[in-house]
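Residue numbers count from 1 along this sequence.
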Amino acid sequence: MSVSVQRNSPIRALFLDIGGVLGTNGWDTDTRRAAVERFGLDAADLDSRHRMLFDTYEIGKLTLADYLDRVVFYTKRNFTREEFRKWMFAQSQADAAMIKLATELKKRHGLKVAVVSNEGREMTEFRIRKFKLPQFVDFFVCSSFVHFRKPDKDIFRIALDLIQVAPSEVAYLEDRLLFVEV
């Protein structure tokens, strides 16, 4: 996990990712690999179709149903869309220790908290509810909500504008160093 803190200003805000920070990653390589095994899918075909469509889904221009229709259910399967979707969402687990830490930091230091995350709308909404994030998060700047994805600087600009702090006043917890560097 990467943490970015600039010491020349007081920290007034905390930016957090969901996948890899507040919980497991969503529909990542490992989860897709597990889906291949669980459902008997062709790994190369799934990967190829995923790569062509995932960015469009993640920025909110494709629904999960449409994504799955084109990546998994373009042919007849021996399982249903609902069985697959339920399994997919069940892989998402909260990191209770990180959620507790973020909640305590917000309370102790009076921080504003924003989630800055790349995920499709349905997975994001599910994880927000399941992890009970509104209990401590003030703003959700998620790729499927704002139609930009990390590492595009615009998603960070939106988060800064909403929370009204300078970049030097933000502590950012992220599992991908490139996003911290941006």
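Using a 4.5 Å heavy-atom cutoff, the side chains of Val36 and Leu46 are in contact. Looking at Val115 and Val141, their side chains never come closer than 4.5 Å, going by heavy atoms from C-beta outward.
Contact check on Asp154 versus Arg157 returns no salt bridge, with no Lys/Arg side-chain nitrogen under 4.0 Å from an Asp/Glu carboxylate oxygen. Look at Asp17 and Arg176 and you find no salt bridge, because none of the NZ, NE, NH1 or NH2 atoms lies under 4.0 Å from a carboxylate O. Of the charged side-chain nitrogens involved, at least one lies within less than 4.0 Å of a carboxylate oxygen, so that Asp45 and Arg49 count as a salt-bridged pair. Look at Glu125 and Arg121 and you find a salt bridge, because one of the NZ, NE, NH1 or NH2 atoms lies within 4.0 Å of a carboxylate O, short of that distance.
Taking CZ from Arg81 and NZ from Lys86, the interatomic distance works out to 15.5 Å, rounded to the nearest 0.5 Å. With rounding to the nearest 0.5 Å, the separation of CG in Leu14 from CZ in Arg12 is 13.5 Å. Remark: Asp30 CG to Thr24 OG1 distance equals 10.5 Å, nearest 0.5 Å. The CG atom of Asp55 sits 12.5 Å away from the CE atom of Met52 when rounded to the nearest 0.5 Å. Atom NZ of Lys112 sits about 10.0 Å away from atom CG of Leu162, to the nearest 0.5 Å. Atom CG of Asp66 and atom CG of Leu53 lie 9.5 Å apart (nearest 0.5 Å).
Not less than 6.0 angstrom separates the ring centroid of Phe15 from the ring centroid of Phe156.
Smallest separation of non-hydrogen atoms from Ser144 and Glu119: OG-O, 3.0 Å. Among all heavy-atom pairs drawn from Ile99 and Ala94, the shortest one is CD1-CB, 3.9 Å. Residues Leu41 and Ala35 come closest through the heavy atom pair CD1-O, 4.0 Å. When all heavy atoms of Ala114 and Ile163 are compared, the closest pair comes out as CB-CD1, 3.8 Å. Asn118 and Ser143 get closest at one heavy-atom pair: CA-OG, 3.3 Å. Nearest heavy-atom pair, Val116 versus Ala159, reported as atom, atom and distance to 0.1 Å: CG2-CB, 3.8 Å.
By the criterion of side-chain heavy atoms lying less than 4.5 angstrom apart, applied directly or through intervening Ile, Leu, Val, Met, Phe, Trp or Tyr residues, Phe54 is not grouped with Phe179; the two fall into different hydrophobic clusters. Note on Phe126 and Val21: separate hydrophobic clusters, where clusters join Ile, Leu, Val, Met, Phe, Trp and Tyr whose side-chain heavy atoms are under 4.5 Å apart, directly or indirectly. At a threshold of 4.5 Å between side-chain heavy atoms, the hydrophobic network of Ile, Leu, Val, Met, Phe, Trp and Tyr places Val137 and Leu160 in one connected group. Linking Ile, Leu, Val, Met, Phe, Trp and Tyr residues whenever their side-chain heavy atoms come within less than 4.5 Å leaves Met123 and Ile155 in two separate clusters. Two different hydrophobic clusters hold Phe140 and Phe89 under the rule that ILVMFWY side chains link at heavy-atom gaps under 4.5 Å.
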>> Let's go through Arg77 and Val72 carefully: what are the C-alpha distance in whole Å and the side-chain angles of both, what is the deciding distance for side chain to side chain contact (heavy atoms under 4.5 Å, CB included) to 0.1 Å, and is it a yes or a no?
In response: CA-CA 8 Å; Arg77 301 290 184 188; Val72 177; 4.1 Å; yes

> Run the side chain to side chain contact (heavy atoms under 4.5 Å, CB included) check on Val113 and Leu16 step by step: do they pass?
Replying inline: CA-CA 8 Å; Val113 177; Leu16 305 164; 3.7 Å; yes

>> As a quick check of understanding, evaluate side chain to side chain contact (heavy atoms under 4.5 Å, CB included) for Glu174 and Lys150, giving each step before the final call.
In response: CA-CA 11 Å; Glu174 169 66 62; Lys150 300 179 288 185; 2.7 Å; yes

> Checking side-chain hydrogen bond (donor to acceptor under 3.5 Å, both in side chains) for the pair Tyr57/Glu122: CA distance, chi angles, key distance, verdict?
Replying inline: CA-CA 10 Å; Tyr57 168 62; Glu122 296 86 346; 3.1 Å; yes

> Given the rule in the salt bridge (Lys or Arg N to Asp or Glu O under 4.0 Å) test, do Arg32 and Asp28 qualify, once you have shown the distances and angles that lead to the verdict?
Replying inline: CA-CA 6 Å; Arg32 290 192 310 279; Asp28 68 348; 5.9 Å; no

>> Is there a side chain to side chain contact (heavy atoms under 4.5 Å, CB included) between Thr31 and Trp87? Walk through the geometry before answering.
In response: CA-CA 10 Å; Thr31 306; Trp87 179 88; 4.2 Å; yes

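Remark: side-chain polar atoms of Glu37 are not paired, donor with acceptor, to backbone N or O of Ala34 under 3.5 angstrom. Formation of a donor-acceptor pair under 3.5 Å by the Gln91 side chain with backbone atoms of Met88 is not found in this model.
For Ile59, the side-chain contact (heavy atoms from CB on, under 4.5 Å) partners are Lys61, Arg149, not counting sequence neighbours.
A 6.0 Å sphere centred on NZ of Lys132 holds no more than 12 heavy atoms belonging to other residues, nucleotides or ligands.
The side-chain tip of Arg129 does not point at the ring of Phe131 from less than 6.0 angstrom away and within 45° of straight on. Judged by the 6.0 Å and 45° rule, Arg70 forms no cation-pi pair with Phe73.
A side-chain hydrogen bond (donor to acceptor under 3.5 Å, both in side chains) check over residues 92-110, counting only residues at least two apart or in different chains, returns the pairs Ser92-Arg127, Lys106-Asp138.
The aromatic rings of Phe79 and Phe84 sit parallel, their planes meeting at an angle under 30°, below the 60° perpendicular limit.
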